[in-house]
There are 2 protein chains.
Amino acid sequence: MATIKDVAALAGVSLGTASRVLSGSSQTSPDSRARVTAAAEQLNYIANGPARSLRRSRTDVLGLLVSDIRNPFFSELAHAAEREAQRRGYTVLLANADEDAAQEAAYLRTFASQRIDGLLIAPQGSDLTQLRSMRDSGLPLVFVDRSVDGIDVPTISTDNDEGVRSALTWLHGRGHREVAFVGGPPAVSTGSERRTAFLRIRDELGLSADPRLIAHGDFRTESGVEAMRAVLASGARPTAVLSADGLMTLGVGRALREESARQLGVVEIVSFDDLDWFSLVSPPISAVRNDATAIGRLGVAALVDVIEGRPAASHRVATSFVDRSAEAAAGAGA
Amino acid sequence: MATIKDVAALAGVSLGTASRVLSGSSQTSPDSRARVTAAAEQLNYIANGPARSLRRSRTDVLGLLVSDIRNPFFSELAHAAEREAQRRGYTVLLANADEDAAQEAAYLRTFASQRIDGLLIAPQGSDLTQLRSMRDSGLPLVFVDRSVDGIDVPTISTDNDEGVRSALTWLHGRGHREVAFVGGPPAVSTGSERRTAFLRIRDELGLSADPRLIAHGDFRTESGVEAMRAVLASGARPTAVLSADGLMTLGVGRALREESARQLGVVEIVSFDDLDWFSLVSPPISAVRNDATAIGRLGVAALVDVIEGRPAASHRVATSFVDRSAEAAAGAGA
DNA sequence: CTGTTAGCGCTTTCAT
DNA sequence: ATGAAAGCGCTAACAG
């Protein structure tokens with residue numbers, strides 16, 4: 001692998017001049033510029049990043065720690081974050097905590113050791129001490145989607161209250177009174193916020209307060225199956241269900257499908273998170289659009305603000321409700 | 001940020017001893033071990049990765065360059081690769097080329113400059129020269145899912161032929177003779193392999209060779225919509241369709257759904273790639289299971305072999321066919 | 001087992 | 001505008 005020294009030698013200039021040409025940091029003569037560029041080209045020179053980082057004490061790399069890369073919400077968020085970062089001259093290093101606090105802690109250490117310039121994180125039951133010590137040691141931090149109590153970090157999150165309200169209002173308007181809720185883990189901010197919103201708005205609207213209508217999962221598919229089964233087994237008779245996350249909605253659908261074979265009746269599904277296949281099932285699933293793209297984009301913008309010393313603001317991103325009740329009830333291939 | 005020098009000073013030992021304790025590279029006395037560990041703890045010391053990499057000329061980081069992170073196939077592959085890498089002491093840096101050759105080239109450069117220890121890549125219309133020069137400059141390379149002609153790199157891919165055969169045989173057995181094919185881009189190896197397999201096996205089975213039954217997309221949803229629309233507009237009358245990729249299957253479903261409102265009739269969908277919601281649509285979509293987890297795992301294993309100087313073998317991962325024809329035709333909420 | 005020291009490849013003074 | 005030289009934080013080779 002060619003080093004800058006090789007390039008300088010081939011170009012017949014000093015190491016310093018080669019560096020100046022290559023990084024464009026300062027004025028250089030057209031002559032040396034041409035020769036250095038040619039030499040670099042010829043040697044297929046690619047600067048050694050670690051050496052560069054060591055010297056400059058910055059890496060131009062942002063970390064993004066998501067809680068589950070297989071969750072479409074996060075893969076869309078990651079995609080948006082990456083685009084925005086690239087636009088601003090940063091590369092994104094993506095890591096997946098897999099909804100596991102220990103793995104999250106491990107990646108946090110890895111990122112810190114890589115000396116990334118800043119970190120975007122969707123925290124779970126995060127170790128508050130670790131997060132604090134990272135922040136205090138000067139690592140710019142921004143929360144996306146989720147937040148953590150007891151630490152003040154700019155946060156880009158969804159307007160969970162608005163989202164739940166739109167879903168319940170819509171269900172209420174369609175005549176539902178027995179509405180089940182499959183919530184997320186209360187330890188995660190999105191889990192608790194959506195739950196709190198559900199309880200309050202349910203009461204505002206005068207929906208059934210039967211506690212058997214409520215169950216909680218962990219934002220993954222299988223837990224959605226189990227939570228929905230639990231509700232059905234409890235003796236409650238929901239006519240509709242609000243699922244707090246897209247992956248759990250899949251699980252809810254599976255659980256209801258098992259039941260439908262046993263003629264339980266129709267339960268209308270509404271989902272927090274709109275997945276692209278919802279229009280293909282029958283009846284189509286209406287959903288709260290949770291704007292992962294905006295969250296990813298704003299998250300990077302806020303993080304770059306912090307990195308460059310500007311004040312960064314927290315944001316609540318608006319949701320919108322996608323009403324599919326009017327769409328044809330035909331299935332994909334029917 | 002504390003350096004190893006600070007740790008050594010606080011522990012009252014030399015820099016070298018501190019380094020030895022911290023990296024466990026060589027024998028140290030219990031006494032210094034205790035003092036260094038305590039000092040590191042107290043100072044919240046986290047080694048400077050770039051400095052370490054510069055000196056050791058390795059990073060313990062693997063790159064994974066996928067073509068579309070929002071494609072569930074790749075997010076599953078990434079997830080599996082990450083787990084396997086972690087198990088072997090490596091961290092994965094994930095990047096997304098977004099089915100775009102220019103972006104792929106840019107990330108290739110970024111990875112090269114970061115001096116990652118090895119790269120797992122799902123290549124698209126890759127610049128052969130660039131790939132070759134990277135390989136020749138000593139970067140361990142392994143292809144996953146896709147390969148590129150003209151460069152010899154260990155490759156972990158799906159048995160596309162077997163997959164297509166199982167799908168067409170199944171359709172044939174169900175009486176279909178007019179089977180449409182929505183293929184991927186012929187420039188990508190998976191696109192061309194699945195297409196070639198389709199043509200050959202179609203003829204073997206005596207299915208209709210009407211050229212209007214065939215259209216191509218780019219492995220993304222929207223292109224699936226367009227390809228299917230094109231087939232339907234051509235005047236061909238397929239009774240079934242094989243889609244070459246999960247995302248395009250979604251598009252195919254959308255296109256058929258538009259049509260079904262106009263009473264075109266039933267077209268049975270079969271998908272290369274099994275997505276988790278296929279059991280929820282009506283009728284459920286049967287599919288070729290394309291084992292992203294195995295590909296990711298084997299890919300990392302092969303890459304680590306190359307890195308550590310062992311010979312690495314290419315693999316064709318077996319597919320299996322998921323027959324959902326017997327499942328209840330009830331929809332998600334019905 | 002430990003201290004000392006060279007040097008990884010680069011950027012950035014400091015002179016000139 | 002350029003060359004010489006220092007030094008980022010770390011590991012490894014060497015001497016003891």
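Throughout, protein chains are lettered first and strands after them, A, B, ... in sequence-line order, and every chain is numbered starting at 1. Because the structure is predicted, anything quoted here is derived from the model rather than measured.
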Inset, instruction - Rounded off to whole Å, could you give me the CZ-to-P distance for the Arg58(A) and dC10(C) pair? - result: 17 Å
Legend entry - Side chains of Pro185(A) and Gln124(A) in contact at under 4.5 Å (non-hydrogen atoms): no
Inset, instruction - Let me know, please, whether Val13(A) or Asn48(B) comes out on the 5' side of the other along DNA chain D by nearest nucleotide. - result: Val13(A)
Legend entry - Closest-nucleotide 5' rank along DNA chain D - winner of Val21(A) and Leu54(A): Val21(A)
Inset, instruction - Could you check Glu82(B) against Tyr90(B) for side chain to side chain donor-acceptor pair (under 3.5 Å), going step by step and ending with a plain yes or no? - result: CA-CA 9 Å; Glu82(B) 190 175 41; Tyr90(B) 289 90; over 6 Å; no
Inset, instruction - Please check if any side-chain donor atom of Ser157(B) sits under 3.5 Å from a side-chain acceptor atom of Arg316(B), or the reverse. - result: yes
Legend entry - Footprint string (nucleotides 11-16 of chain D, 5' to 3'): B base within contact, S backbone only, - free, heavy atoms under 4.0 Å: BBB---
Inset, instruction - Calculate the interatomic distance between Arg35(B) atom CZ and dC1(C) atom C1'; express it in whole Å. - result: 14 Å
Legend entry - Atom-pair distance (CD1 on Ile46(B); C1' on dG9(D)), nearest Å: 15 Å
Inset, instruction - Could you state the atom-to-atom distance from NZ of Lys5(B) to P of dC8(D) in whole Å? - result: 6 Å
Legend entry - Donor on one side chain, acceptor on other, Asn71(A) and Asp245(A), under 3.5 Å: yes
Legend entry - Short side-chain N/O contact from Thr3(B) to OP1 or OP2 of dC8(D), under 4.0 Å: no
Inset, instruction - For the residue pair Gln114(B) and Thr59(B), confirm or rule out a side-chain donor-acceptor distance under 3.5 Å. - result: no
Inset, instruction - Starting from P on dG3(D), measure out to CD on Gln27(A) and report it in whole angstrom. - result: 16 Å
Legend entry - Step-by-step side chain to side chain donor-acceptor pair (under 3.5 Å) determination, Ser113(A) to Thr110(A): CA-CA 5 Å; Ser113(A) 113; Thr110(A) 303; over 6 Å; no
Inset, instruction - Would you tell me if any nitrogen or oxygen in the side chain of Thr17(B) comes within less than 4.0 Å of OP1 or OP2 on dT2(C)? - result: no
Legend entry - Short side-chain N/O contact to dT2(C) OP1/OP2 from Ser29(B), under 4.0 Å: yes
Inset, instruction - Scan Ser53(B) against the nucleic acid and name what it touches under 4.0 Å (heavy atoms): base, sugar-phosphate only, or nothing. - result: nothing
Legend entry - Side-chain ion pair, Asp152(B) and Arg135(B), N-O less than 4.0 Å: no
Legend entry - Rounded distance in Å - CG (Asp6(B)) to C1' (dC8(D)): 14 Å
